[in-house]
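Below, all heavy atoms of this structure are taken into account, side chains as well, without hydrogens, waters or symmetry copies. It should be emphasised that the depicted structure is a prediction, and the values quoted were computed from it without experimental measurement.
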Amino acid sequence: MDRKINFIDVLKDKASILRASFSIKRHVSSIHVSILRATSHDPSSPPSEDRINDILELGKSSRLAACTCIDILMDRLHATQNAFVALKCLFTVHKIVSRGSLVFRDQISYHPSFGGRNFLNMAMFSDKSDMDTWEFSLWVRWYAAVVEQNMTAARVIGYYLNPPHKFAEYQTKTLPVLNNDLVNEIEALIEFVVRITDAPESLNLQRNNLVYEIVKAASEDYRAVQYEISVRVKETEERVERLCLSELTRVVDALRRLEDCKERLVLLFVNRKRNEGLWESVRKTRAELAETKAQREEKRLVVRTMSRNRGRDDMSESTQCWNPFLEPGQLLLLPSGRGGGGGWLGMGPSPIAV
């Protein structure tokens, strides 16, 4: 059952819009009003498609408009103590990242922030109005981490994660030449999947439209990430002989983390995003890489053992005494320091084979 908006929140929204409308800076005023209308206190539903489109259009007009819009949106996100306003701000940010113009995306990517677990600075967010809002705060922190990791992965792979209907564009993307860069991309993409699986275990997913829509938006990103991972897993399989031991270890660990996410993903997305082909490819590739890694570690151990033994043999030979005046098989007696015979290091007669 959806939570109902209270009268005080309605007044807050109307007062904020009225105050923004009377701003002397008309250009800023219109942007501010658009943001306020899209991020109201209404807990029952996300911003409408029309509201989101109005904001996305701002990013097409000029860099100044895009920068102003991002500043206002981020100020509202960081100033609010209301979980529903925060979720709507994050939802709007997410739409800018996935559908906004290049100028808009760049502004959101480089917007300054300080502190917190992620650059959106929502790690400590908590709406303590009541138990329900405290539970919705868990969704705020999760969603912020997902959106932030989306942009982190985009920076690592060199382009933004496109919506699913643009998969054909991926064919023109070039995978990195350096193996280390390829491994970095795999780790960043899998970290995004891990973030998704950290979703709160609550009934709000089924009973609140706002939460349902943000999870749906995250699932679209996950679908794009599945494709990105599958391409790189295939490339890794082809490069297996060229990967060094540390790179093999990193990829094996990353793929194992991905496999550990499967059960949680199935529950979260109710079997809609299973993609068994990907999971089979991940399983086979991880097994192959793990076998190659084990073989190389075994060879390294053998080489180290042989080197260690060779070093001992060399040391043993270097400590033997050789005297050209003795016949083979004769013993050389070292004098003792005991008695009156002088001596060396206080040792008794010590036979050494020559």
Side-chain angles (χ1 to χ4, degrees), residues 1-17 19-20 32-49 51-52 55 69-98 108 111 113-151 195-221 268-269:
M1 181 178 179
D2 287 339
R3 180 186 175 91
K4 301 300 181 183
I5 186 172
N6 62 51
F7 183 68
I8 295 178
D9 290 334
V10 172
L11 290 180
K12 285 182 180 179
D13 289 335
K14 290 184 178 296
S16 297
I17 292 174
R19 186 165 53 250
H32 199 171
V33 170
S34 296
I35 296 295
L36 291 172
R37 286 174 174 169
T39 59
S40 67
H41 287 74
D42 181 6
S44 61
S45 60
S48 68
E49 190 66 19
R51 300 294 189 199
I52 293 296
I55 293 175
C69 182
I70 295 303
D71 285 341
I72 295 173
L73 180 58
M74 286 298 186
D75 287 344
R76 183 156 175 80
L77 173 64
H78 294 146
T80 187
Q81 296 180 338
N82 183 279
F84 306 105
V85 172
L87 282 174
K88 291 183 179 184
C89 287
L90 291 170
F91 185 80
T92 306
V93 170
H94 197 180
K95 291 301 180 181
I96 292 174
V97 172
S98 61
I108 199 74
H111 185 83
S113 58
F114 306 94
R117 181 178 175 182
N118 53 60
F119 92 105
L120 293 174
N121 198 19
M122 303 301 289
M124 302 302 293
F125 180 86
S126 181
D127 184 345
K128 300 179 181 179
S129 301
D130 54 46
M131 288 301 298
D132 285 342
T133 56
W134 180 86
E135 187 173 338
F136 279 102
S137 299
L138 300 178
W139 288 102
V140 172
R141 296 195 291 270
W142 170 79
Y143 196 30
V146 168
V147 175
E148 194 274 340
Q149 187 59 33
N150 176 311
M151 286 182 277
R195 293 291 187 198
I196 284 185
T197 58
D198 289 336
E201 297 182 3
S202 73
L203 297 177
N204 288 319
L205 178 56
Q206 287 79 28
R207 68 187 185 186
N208 183 274
N209 289 334
L210 176 56
V211 172
Y212 177 82
E213 288 298 325
I214 68 172
V215 173
K216 181 180 177 181
S219 74
E220 296 302 324
D221 283 351
L268 184 61
F269 298 132

Using side chain to side chain donor-acceptor pair (under 3.5 Å) as the criterion, list what pairs up with R51, not counting sequence neighbours.
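Partners of R51 by the side chain to side chain donor-acceptor pair (under 3.5 Å) criterion come out as none, since no residue qualifies.
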Sequence neighbours left out, what passes side chain to side chain donor-acceptor pair (under 3.5 Å) with H32? Give chain and number order.
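Partners of H32 by the side chain to side chain donor-acceptor pair (under 3.5 Å) criterion come out as none, since no residue qualifies.
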Taking atom types as modelled, is there a side-chain donor on S44 or D42 under 3.5 Å from an acceptor on the other?
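Yes, D42 and S44 have a side-chain donor paired with an acceptor closer than 3.5 Å.
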What heavy-atom pair brings V97 and M151 nearest, and what distance separates the two atoms?
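Looking at all heavy atoms of both residues, the closest pair is CG2-SD, 3.7 Å.
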I'd like to know if the side chain of [X] reaches the main chain of [Y], judged simply by a donor and an acceptor atom lying under 3.5 Å from each other, with no hydrogens or angles considered.
X	Y	answer
W139	V215	no
N208	P43	yes
D127	A83	yes
W134	S129	no
R195	W142	no

Which distance, rounded to the nearest 0.5 Å, do you find between the [atom1] of [X] and the [atom2] of [Y]?
X	Y	atom1	atom2	answer
L36	I17	CG	CD1	6.0 Å
L87	E213	CG	CD	12.5 Å
K88	I52	NZ	CD1	10.0 Å
C89	I72	SG	CD1	11.5 Å
I35	L73	CD1	CG	4.5 Å
R141	M122	CZ	CE	9.5 Å

Identify the residue among V140, T80, L90 that makes a side chain to side chain contact (heavy atoms under 4.5 Å, CB included) with V85.
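The option that passes is T80.
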Determine whether M74 and N121 satisfy the following criterion, side chain to side chain contact (heavy atoms under 4.5 Å, CB included), listing intermediate values before the conclusion.
CA-CA 10 Å; M74 286 298 186; N121 198 19; over 6 Å; no
